[in-house]
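Following: one structure in structure tokens, then a few remarks.
All values below come from the heavy atoms of this structure, side chains included, with hydrogens, waters and symmetry mates left out. Nothing here was measured: the structure is a model prediction, and the numbers come from that model. Just so you know, ligand 1 is whichever comes first in the structure, and atom 1 is the first atom listed for that ligand.
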Amino acid sequence: MKAKLTLHKEFAIGETDRRIYGSFIEHLGRAVYRGIYEPGHPEADSEGFRKDVIKLVEECKVPIVRYPGGNFVSGFNWQDSVGPVEKRPERLDLAWMTKESNRIGLNEFASWAKKAGSEVMYAVNLGTGGPETARNVVEYSNFPGGSYWSDLRKSHGVQDPHNIKLWCLGNEMDGPWQICHREAKDYGRVASEAAKLMKWTDPSIEVVACGSSGARMPTFGDWEETVLSEGYENFDYLSLHQYFDNRDGDTKNFLAKSLETELFIKTVTGICDLVQAKKRSKKQIHLSFDEWNVWYHSNDQDTKIEKWIESPPRLEDIYTMEDALVVGCMMIALLKHADRVKIACLAQLVNVIAPIMTEIGGPAWRQTIFYPFMQASTYGRGTVLRGPVSSPKYDSKEYSDVPYLETVAVSNEAGSAADGKLTIFAVNRSLDEAMELDADLYGFEGCKIIEHSTLHNDNLLAVNGPKGEVVKPQTVQGGKLDGAKLSVQLPKASWNVIRIG
Ligand code: AHR
């Protein structure tokens with residue numbers, strides 16, 4: 001099979017925002033307790049945070065981490081999570097039917113994020129909470145001092161403000177499963193007022209309003225338009241969430257699902273621009289794709305979890321080779337819309353539908369999906385290039401005209417010799433055939449292939465585990481770059497990173 005790509009250095013979609021390589025940690029399952037935090041573990045530091053987990057997070061270069069939820073946040077009182085640990089209340093979490101000890105809270109998590117080289121993207125509660133609790137937590141976190149909430153922070157031993165710049169206005173408020181789910185107009189008004197008070201408290205912050213929790217929600221479209229109409233000038237970003245599964249074992253169809261990611265982005269962008277036009281506003285709303293991943297392997301076992309225990313293992317999907325391809329395709333979809341997607345969070349980061357897993361008392365390890373995420377975050381920063389792609393196509397159960405080749409390229413003029421000037425990310429969706437990829441790379445003449453790395457396993461259900469990695473990138477030899485003409489071979493069903501420098 002043959003495919004062709006044409007790139008020119010000057011034909012750009014836009015600059016990547018580093019925050020598209022964000023992730024997410026919720027008080028859910030073993031993400032926090034017995035995940036990032038495991039006092040007594042041989043790798044635990046003085047605060048109880050696992051250094052081996054931090055190392056893997058650093059490997060992924062995660063610039064922001066959304067916290068503390070997720071569904072959890074809609075019933076969460078942030079004040080429970082600050083102050084002397086022994087005085088913090090133990091609460092019932094109605095989102096996941098567990099017990100929450102509040103041993104880890106806002107200040108501890110901010111400290112963890114700093115250690116992991118990341119910034120906090122904090123979600124406020126707009127379920128049981130409202131504008132007042134939202135503005136109070138901004139004052140507690142960001143106000144330098146001399147006010148009730150900032151002085152309370154200082155009395156808790158945190159002298160310097162956290163300066164959290166990015167705030168989510170609740171979570172998935174369109175979903176009937178959400179604690180205190182709201183209608184669009186109601187949510188739009190509350191979110192707008194909350195945003196106003198939060199920004200009056202700290203004008204330097206940016207806020208993300210909740211879009212739909214999925215493009216298949218019955219209210220999708222109307223929800224976005226109504227919410228934006230209520231608070232357009234107070235919002236900066238609108239959120240999108242999307243999870244895919246292969247419950248029916250139809251891999252051809254599964255690998256095509258990222259086409260829906262692109263359609264979702266295009267549709268929401270259109271709605272944002274429609275409301276902008278109706279408002280005659282100069283402001284453009286950008287997108288925060290703040291939950292995305294594959295999620296289904298753990299669904300059945302999670303129905304058996306006992307209620308009201310602390311941090312039971314939940315959503316512990318063990319990811320396969322084919323899941324890594326879907327994650328790679330979704331990552332490419334986000335990059336292809338770098339002009340509008342400014343924030344994205346792979347959901348989640350540790351133990352809960354996560355690229356990083358931990359054994360209690362044992363090692364931390366990399367899932368298959370770790371690799372496309374880590375490689376995109378490492379090599380996919382710079383200018384996203386737009387180029388015509390010509391690829392054979394196929395039809396699947398739900399999609400037609402699916403290109404076998406999914407690809408995007410990111411150039412980085414300032415790239416070092418080792419990192420490269422241009423990176424091409426490419427997935428060969430064919431389950432049967434390798435692909436000859438020919439590319440014309442105008443403006444990159446004189447460069448060489450630094451590395452062609454591929455993630456491939458003949459067994460699409462191969463998984464990694466604590467004892468070893470079956471699925472990990474390998475270097476492919478044999479690619480050629482002659483002047484502007486690149487020619488490489490992409491193994492069947494593979495994720496590829498071709499670095500030119
Ligand atoms: O990421 C797991 C859950 O998925 C989050 O809590 C919620 O926002 C979404 O439905």
Side-chain angles (χ1 to χ4, degrees), residues 22-33 35-36 62 64-76 93-98 100 109 121-129 166-182 187 191 208-220 223 227 237-245 247 261 264 287-303 305 311-319 323 326-327 330 343-357 367 369 373:
S23 191
F24 175 28
I25 287 195
E26 178 169 3
H27 280 249
L28 158 59
R30 293 194 304 124
V32 176
Y33 309 110
I36 62 168
V62 181
I64 50 162
V65 183
R66 187 166 173 255
Y67 174 86
N71 296 337
F72 170 79
V73 82
S74 298
F76 169 63
D93 161 30
L94 301 184
W96 301 104
M97 307 286 173
T98 51
E100 172 56 54
F109 189 75
M121 174 185 190
Y122 197 82
V124 298
N125 174 355
L126 290 186
T128 57
L166 202 51
W167 296 76
C168 300
L169 301 166
N171 175 69
E172 293 190 349
M173 297 309 301
D174 63 320
W177 60 86
Q178 204 65 215
I179 298 172
C180 296
H181 147 72
R182 295 175 191 267
Y187 167 71
V208 183
C210 291
S212 293
S213 48
R216 296 186 180 193
M217 291 297 287
T219 49
F220 172 53
W223 172 273
V227 168
Y237 305 93
L238 190 67
S239 75
L240 299 83
H241 291 180
Q242 190 169 54
Y243 294 100
F244 291 134
D245 69 77
R247 248 178 236 118
T261 308
F264 194 16
L287 309 191
S288 172
F289 214 122
D290 47 41
E291 286 189 34
W292 67 273
N293 203 346
V294 170
W295 172 13
Y296 74 105
H297 297 286
S298 58
N299 290 167
D300 289 343
Q301 79 210 35
D302 285 355
T303 58
I305 297 172
S311 62
R314 191 191 291 269
L315 274 68
E316 297 206 0
D317 277 39
I318 301 300
Y319 289 112
D323 297 330
V326 172
V327 164
M330 290 180 88
I343 302 161
C345 303
L346 176 67
Q348 298 191 8
L349 188 56
V350 177
N351 286 336
V352 172
I353 42 173
I356 299 167
M357 298 298 289
Q367 295 241 42
I369 64 166
F373 179 60

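For the salt bridge (Lys or Arg N to Asp or Glu O under 4.0 Å) test, no residue two or more places apart in sequence or in another chain qualifies with E100. Here R314 pairs with nothing under the salt bridge (Lys or Arg N to Asp or Glu O under 4.0 Å) rule; sequence neighbours left out. The salt bridge (Lys or Arg N to Asp or Glu O under 4.0 Å) check on R247 picks up D245, with sequence neighbours excluded.
Between the side chain of N293 and the backbone N or O of W295 there is no donor-acceptor pair closer than 3.5 Å.
Residue-level contacts of ligand 1 at the 4.0 Å heavy-atom threshold are F24, E26, G70, N71, W96, N171, E172, Y243, E291, W295, L315, Q348, I353.
Using a 4.5 Å heavy-atom threshold, the side chains of W292 and V327 count as touching.
Ring pair Y67/F109 is parallel by interplanar angle, where below 30° counts as parallel and above 60° as perpendicular.
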